[in-house]
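Down below is the structure, laid out as structure tokens.
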Amino acid sequence: MKLKWAYLAFLTGIAGFLAGCEPLLVLDPKGPQADTTANVIWISIITMAVIVIVVLVMLTVILLKYRASKQDPDYEPPHIEGNKYVEGIIVGIPIIIVAFLSVVSTISTHQVENPPAGYEEDEPLVIYASSSNWKWHFSYPEQDIETVNYVFIPTNQNIEFRLYSHGTITSFWIPQLAGQKYAMADMTNYLNVVADEPGEYFGRNSNFNGEGFAENEFAVTAMPPSEFDSWVEDIHNTAEPITEEKFEELLEPGHLGQMAFTGTHQAFQPAPEGENSPHNHGPSDSEDDGGHHH
């Protein structure tokens with residue numbers, strides 16, 4: 001009896017603890033890309049839950065119905081060569097489950113790798129998001145401004161984040177707006193993000209990159225386009241220009257608060273893409289010799 005009450009008290013304590021937890025950000029999407037990711041997570045959770053429940057129910061039935069104590073001491077099980085129906089079920093069901101999850105994964109990956117539905121034809125707002133130990137730099141080439149450890153974006157507009165790193169591999173992640181994507185030193189990755197509603201969102205590096213990893217975070221603020229334009233104008237009126245010397249100073253390992261500058265470091269240290277990509281090995285042989293092949 002004491003064991004029963006102790007068990008009930010334990011379950012009550014766990015339930016109370018979980019009730020006080022904040023909701024998982026990844027399951028509270030505020031944009032179409034994050035909504036797709038959340039749906040895939042729920043589909044996976046439900047699929048796995050059904051599998052676990054069915055297996056546990058079957059295990060319980062088998063243990064109770066076919067336990068040794070219920071059998072005659074002289075019972076000998078019949079010799080069975082196999083059962084094509086049982087074998088078909090135990091092979092077929094896993095194939096169906098894997099095929100289903102593969103289709104879901106393929107469709108959702110295509111959706112999140114491209115601009116969200118309804119934004120395909122719109123010109124995106126390009127923001128370069130580059131990491132250094134242990135901070136984030138956001139360059140707005142169209143607005144000619146740069147921020148550190150925070151980024152402002154207009155709502156209901158496709159934002160094309162161009163991701164790369166000034167050092168170790170990091171992972172750019174805004175749980176309520178999009179899934180994570182890697183930022184590397186020798187290439188630029190692209191991530192489309194749309195915020196459906198104004199708000200303050202949490203972003204971070206989700207790939208371990210040394211002692212400062214835990215605080216490698218940034219703030220995301222989504223606002224109406226008119227407020228975004230006012231913010232850009234305010235930065236131009238108040239912020240100091242970024243210089244190559246200042247940027248080199250910002251790249252030094254360590255943590256910083258939020259900062260803003262006019263201009264961007266793309267002017268003197270551009271992202272690894274296009275002609276600045278380390279994978280671009282210059283003109284081809286056909287270009288060197290005027291198009292004549294030898």
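Because the structure is predicted, anything quoted here is derived from the model rather than measured. Reckoned from all heavy atoms, side chains included, excluding hydrogens, waters and symmetry mates.
- When hydrophobic clusters are built by joining Ile, Leu, Val, Met, Phe, Trp and Tyr residues whose side-chain heavy atoms come closer than 4.5 Å, directly or via intermediates, Tyr140 is grouped together with Leu191.
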Please test Glu233 against Asp229 for side chain to side chain contact (heavy atoms under 4.5 Å, CB included), starting from the C-alpha separation and ending with a verdict.
-> CA-CA 6 Å; Glu233 184 178 351; Asp229 292 337; over 6 Å; no
Residue pair Ile159, Phe161: steps toward the side chain to side chain contact (heavy atoms under 4.5 Å, CB included) verdict | CA-CA 6 Å; Ile159 312 299; Phe161 282 105; 3.8 Å; yes
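- Closest approach of Ala239 and Thr262 over heavy atoms only: O-CG2, 3.8 Å.
- Gln266 places a side-chain N or O within donor-acceptor distance of the main-chain N or O of Ala271, the cut-off being under 3.5 Å.
- Proximity of a side-chain donor or acceptor of Asn149 to a complementary backbone N or O of Leu256 within less than 3.5 Å is detected.
- In this structure, Glu240 places its CD atom where only 12 or fewer heavy-atom neighbours from other residues, nucleotides or ligands lie under 6.0 Å away.
- Ile235 and Val126 end up in different hydrophobic clusters when Ile, Leu, Val, Met, Phe, Trp and Tyr side chains are linked at under 4.5 Å.
- Distance alone, capped at 3.5 Å, places no donor-acceptor pair between the Ser105 side chain and the Leu101 backbone.
- Across all non-hydrogen atoms, the minimal contact from Ile89 to Pro94 is O-CD, 4.0 Å.
- Remark: the backbone N or O of Val193 is not paired with any side-chain donor or acceptor of Gln33 at under 3.5 angstrom.
- When atom types are taken as modelled, the side chain of Lys135 and the backbone of Val148 share no donor-acceptor pair closer than 3.5 angstrom.
- Counting non-hydrogen atoms of neighbouring residues, nucleotides and ligands closer than 6.0 angstrom, the CZ atom of Phe213 exceeds 12 such neighbours.
- Scanning both residues, Asn156 and Val194, for their nearest heavy atoms gives CA-CG1, 4.2 Å.
- For Glu113, the salt bridge (Lys or Arg N to Asp or Glu O under 4.0 Å) criterion is met by Lys181, not counting sequence neighbours.
- With sequence neighbours excluded, the residues forming a ring-ring contact (aromatic ring centres under 6.0 Å, His included) with Phe152 are Tyr150, Trp231, listed by chain and number.
- Using a cut-off of 4.0 Å between Lys/Arg side-chain N and Asp/Glu carboxylate O, Glu249 and Lys246 are scored as salt-bridged.
- Not counting sequence neighbours, the partners of Asp35 by the side-chain contact (heavy atoms from CB on, under 4.5 Å) test are Pro29, Asn39.
- Taking CD from Glu211 and CG from Asn216, the interatomic distance works out to 12.0 Å, rounded to the nearest 0.5 Å.
- For Phe218 and Phe138, the ring centers are positioned less than 6.0 Å apart.
- Formation of a donor-acceptor pair under 3.5 Å by the Trp134 side chain with backbone atoms of Asn209 is found in this model.
- Panel note: side chain Ser165, backbone Gly167; a donor-acceptor pair is recorded below 3.5 Å.
- The environment of Glu142 atom CD is dense: over 12 non-hydrogen atoms of other residues, nucleotides or ligands sit within 6.0 angstrom.
- For the salt bridge (Lys or Arg N to Asp or Glu O under 4.0 Å) test, no residue two or more places apart in sequence or in another chain qualifies with Glu121.
- Proximity of a side-chain donor or acceptor of His265 to a complementary backbone N or O of Ser139 within less than 3.5 Å is not detected.
- Remark: Glu275 pairs with no residue by the salt bridge (Lys or Arg N to Asp or Glu O under 4.0 Å) rule, at least two apart or across chains.
- Across all non-hydrogen atoms, the minimal contact from Leu125 to Pro154 is CD2-CD, 3.6 Å.
- The two residues Asn158 and Pro115 make their nearest non-hydrogen contact at ND2-CB, 3.8 Å.
- No donor-acceptor distance shorter than 3.5 angstrom exists from the side chain of Glu146 to the backbone of Phe261, with no hydrogens or angles considered.
- For Gln258, the CD atom sits in a packed shell: over 12 heavy atoms of surrounding residues, nucleotides or ligands are nearer than 6.0 Å.
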Ile43 vs Phe100, side chain to side chain contact (heavy atoms under 4.5 Å, CB included): CA-CA, chis, key distance, verdict = CA-CA 10 Å; Ile43 289 172; Phe100 169 70; 3.8 Å; yes
Residue pair Met184, Ile169: steps toward the side chain to side chain contact (heavy atoms under 4.5 Å, CB included) verdict = CA-CA 5 Å; Met184 294 174 277; Ile169 295 177; 3.8 Å; yes
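- Nearest heavy atom pair, residue Pro198 against residue Thr155, reads N-CG2, 3.6 Å.
- Of the candidates Ser132, Ser131, Ser130, Ser132 is the only one forming a side-chain hydrogen bond (donor to acceptor under 3.5 Å, both in side chains) with His137.
- With sequence neighbours excluded, the residues that form a salt bridge (Lys or Arg N to Asp or Glu O under 4.0 Å) with Glu160 are Arg162.
- Atom-to-atom distance recorded for Phe172:CZ and Asn205:CG is 10.5 Å, nearest 0.5 angstrom.
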